[in-house]
Engineer: 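Below is a structure I'd like to ask you about.
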Amino acid sequence: QSRSPKTSLHRSPPSMPDLSALALALSKSFEANDGDFVVVVEDTSGAEVTSFHVWAHLLSSWSDVFAAMLRHDMSEQQKRELRIRGFTRDAVAGFLRFLYTQSLHVEPGVLVEISILADKYGIDALVELAAQQVSEVLTADNACDMLQAATHCGANEIKDRSMDVVCINAPVALRKAFRLDVALLTEVLASDRLCIDDFELGKVLIAWLQDEA
C-alpha cells in the first residue's frame, strides 16, 4: 500500500532580491536629481559650477562624516546643503553615483579626485575601489594626466606611482607631458630617474611643437 509523501518541515530559502534591478532603480533616482539635500560643486574661487539633489539618509548610511553633519547642529544640517570646492563636476557626480549604485565608471584622471573625496568623507569601500582602478588603468599613455590630477588634489601616493610610470616609460609617457603645468613639468624633466636619452628627448620636444602647431 502506497504512502502519501511527507510534507517537508524545511522551508526553501527566500529568494534574493534582484540587485541589478535595484542598482538600476537607484541610478535612475540619482539621474532624476531628486532628494532632500543639495550638494553644491564650487570651483577654486567659490563660484558655483553645478549642484546635485540627493537623499540625506543615503549619504548618512555610507559615512559617519555625513551622519555627523546631518545629526548635529551644523551649517550643512541647517541649510540642507553641502558645498564642495575645488573638485570637478565629473568627480563629484562619480562620487555621489557610487553611493547609489556601488559602481564606478569614470575617466582615469577623475579617479584621482574621487579617491580624495572618498577618503575625505570616510567611504572606505570607494577608497579601495578607486585605488584598485587606478592600478588597473595607469599606463604610460595616461600617466601624465594622472600625475597632474594627483598633484592638483594632493594625492601623494598616486602622484608617486604616476611619476614612476612616467620615468620608467619616458619616451612614451612624455609625449603628453606638454599638458603639465610648468612647475610639474620642470620636476619631471629634472628627475634623475627619467629613462630617456638626449636623442629620444629631442624627438619628444619636436612632437610637442607639432601638437601645438
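Reckoned from all heavy atoms, side chains included, excluding hydrogens, waters and symmetry mates.
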Engineer: Taking the side chain from N142 and the backbone from T139, do they hold a donor-acceptor pair closer than 3.5 Å?
Structural biologist: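 Checked: pair present.
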Engineer: What distance separates I114 CD1 from E107 CD, expressed to the nearest 0.5 Å?
Structural biologist: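 Atom-to-atom, I114:CD1 and E107:CD are 11.0 Å apart.
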Engineer: Can you hop from V54 to V49 via hydrophobic side chains spaced under 4.5 Å?
Structural biologist: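 The answer is yes; both residues are in one hydrophobic cluster.
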Engineer: Can we say K203 and E200 salt-bridge, meaning some charged N sits less than 4.0 Å from an Asp/Glu carboxylate O?
Structural biologist: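 Salt bridge between K203 and E200, a charged N being under 4.0 Å from a carboxylate O: yes.
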Engineer: Rest of the hydrophobic cluster containing V40 (Ile/Leu/Val/Met/Phe/Trp/Tyr, side-chain heavy atoms under 4.5 Å)?
Structural biologist: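 In the cluster with V40 are V38.
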Engineer: A side-chain contact here means heavy atoms from C-beta on lying under 4.5 Å apart; do L117 and F87 qualify?
Structural biologist: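 Sidechains of F87 and L117: in contact.
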Engineer: Looking only at heavy atoms, what is the nearest atom pair of G86 and E113, with distance?
Structural biologist: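 So the minimum-distance heavy-atom pair works out to O-OE1, 4.4 Å.
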Engineer: Distance from L111 atom CG to L138 atom CG, nearest 0.5 Å?
Structural biologist: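 The CG atom of L138 is 10.5 Å from CG of L111, to the nearest 0.5 Å.
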Engineer: Nearest 0.5 Å, please: how far is CZ in F37 from NE2 in H53?
Structural biologist: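 It comes to 11.0 Å.
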Engineer: Indicate if L205 and L189 have the same hydrophobic cluster label, given that clusters are the connected sets of ILVMFWY residues with side-chain heavy-atom separations under 4.5 angstrom.
Structural biologist: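 Yes; tracing contacts between hydrophobic side chains, which count when under 4.5 Å, links both residues.
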Engineer: Start with the C-alpha distance between Q133 and S115, add both sets of side-chain angles, then the distance that settles side-chain contact (heavy atoms from CB on, under 4.5 Å), and finish with yes or no.
Structural biologist: CA-CA 10 Å; Q133 290 196 12; S115 70; over 6 Å; no
Engineer: How close do G94 and L104 get, heavy atom to heavy atom, and via which atoms?
Structural biologist: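 In this case the closest contact between G94 and L104 is O-CD1, 4.2 Å.
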Engineer: Taking CD in E157 as the centre, count heavy atoms belonging to other residues, nucleotides or ligands within less than 6.0 Å. Is the count above 12?
Structural biologist: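 No.
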Engineer: Measure the spacing between CZ of R83 and CD of E48 and express it to the nearest 0.5 Å.
Structural biologist: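 Result: 5.5 Å between the selected atoms.
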Engineer: Tell me every residue that passes side-chain contact (heavy atoms from CB on, under 4.5 Å) with D90, counting only those two or more places apart in sequence or in another chain.
Structural biologist: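 If we apply the side-chain contact (heavy atoms from CB on, under 4.5 Å) test to D90, skipping adjacent residues, the hits are T88, V110.
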Engineer: Could you check whether any side-chain heavy atom of I196 comes within less than 4.5 Å of a side-chain heavy atom of V204, counting everything from C-beta outward?
Structural biologist: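 A side-chain contact exists here, since the closest heavy-atom pair is under 4.5 Å.
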Engineer: Nearest 0.5 Å, please: how far is CG in D43 from CZ in R85?
Structural biologist: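 The CZ atom of R85 sits 8.0 Å away from the CG atom of D43.
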Engineer: Locate the shortest heavy-atom distance separating S162 from A143; write the atom from each residue and the value.
Structural biologist: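 Shortest heavy-atom separation between S162 and A143 comes out as CB-O, 3.8 Å.
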Engineer: Less than 4.5 Å apart, any side-chain heavy atom of L184 and any of H152?
Structural biologist: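 SC-SC contact between L184 and H152 ruled out.
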Engineer: D64: which residues meet the side-chain contact (heavy atoms from CB on, under 4.5 Å) condition with it, sequence neighbours left out?
Structural biologist: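 Per chain and number, D64 pairs via side-chain contact (heavy atoms from CB on, under 4.5 Å) with no residue.
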Engineer: What heavy-atom pair brings P171 and C195 nearest, and what distance separates the two atoms?
Structural biologist: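 Where P171 meets C195 most closely, the heavy atoms are CD-O, 3.6 Å.
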Engineer: Considering the options L174, V166, T151, L185, which one meets the side chain to side chain contact (heavy atoms under 4.5 Å, CB included) requirement together with L180?
Structural biologist: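 Testing each of L174, V166, T151, L185 against L180, the sole residue satisfying side chain to side chain contact (heavy atoms under 4.5 Å, CB included) is L185.
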Engineer: If Ile, Leu, Val, Met, Phe, Trp and Tyr residues are connected whenever their side-chain heavy atoms lie under 4.5 Å apart, and connections chain through other members, are L147 and W208 in the same group?
Structural biologist: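 Yes.
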Engineer: Could K176 and D145 be called an ion pair, given the rule that one side-chain N must be under 4.0 Å from one carboxylate O?
Structural biologist: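 No, no charged N to carboxylate O under 4.0 Å.
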Engineer: Would you please name every residue forming a side-chain contact (heavy atoms from CB on, under 4.5 Å) with V172, sequence neighbours left out?
Structural biologist: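 Partners of V172 under the side-chain contact (heavy atoms from CB on, under 4.5 Å) test: A140, R175.
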Engineer: Going from CG on L82 to CZ on F52, what distance comes out if it is rounded to the nearest 0.5 angstrom?
Structural biologist: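 If we round to the nearest 0.5 Å, L82:CG and F52:CZ are 12.0 Å apart.
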Engineer: Using 30° and 60° as the class limits, which term best fits the ring planes of F30 and Y100: parallel, tilted or perpendicular?
Structural biologist: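 Plane angle between 30° and 60°, so tilted.
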Engineer: Can a donor-acceptor pair be found between the side chains of R161 and S135 at a distance below 3.5 Å?
Structural biologist: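 Yes, because at least one side-chain N or O of R161 sits under 3.5 Å from a partner of the opposite role on S135.
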Engineer: Has the side chain of S60 got a donor or acceptor atom that lies under 3.5 Å from a matching backbone atom of A56?
Structural biologist: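 It does hold such a pair.
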Engineer: May I ask you to check whether over 12 heavy atoms, not counting those of D197, lie within 6.0 Å of atom CG?
Structural biologist: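 Atom CG in D197 is crowded, with more than 12 foreign heavy atoms closer than 6.0 Å.
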Engineer: For S61, enumerate each residue passing the side-chain contact (heavy atoms from CB on, under 4.5 Å) test, keeping only those at least two apart in sequence or located in another chain.
Structural biologist: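 Listed in chain order: L58.
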Engineer: If we ignore hydrogens and angles and just use 3.5 Å, is the side chain of Q148 paired with the main-chain N or O of D181 as donor and acceptor?
Structural biologist: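 Checked: pair present.
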Engineer: Please say yes or no: joined through hydrophobic side-chain contacts below 4.5 Å, possibly via intermediate residues, are W55 and Y121 part of one cluster?
Structural biologist: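 Yes, because W55 and Y121 connect within a single hydrophobic cluster, where side-chain heavy atoms sit under 4.5 Å apart.
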Engineer: Using ring-ring contact (aromatic ring centres under 6.0 Å, His included) as the criterion, list what pairs up with W62, not counting sequence neighbours.
Structural biologist: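 ring-ring contact (aromatic ring centres under 6.0 Å, His included) list for W62, sorted by chain: F98.
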Engineer: Same cluster or not: are L99 and L70 linked, directly or through other Ile, Leu, Val, Met, Phe, Trp or Tyr residues, by side-chain heavy atoms under 4.5 angstrom apart?
Structural biologist: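 Yes: a chain of side-chain contacts under 4.5 Å links L99 to L70.
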Engineer: Heavy-atom distance under 4.5 Å between the side chains of Q102 and L129, does that happen here?
Structural biologist: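 Side chain of Q102 against side chain of L129, heavy atoms only: no contact under 4.5 Å found.
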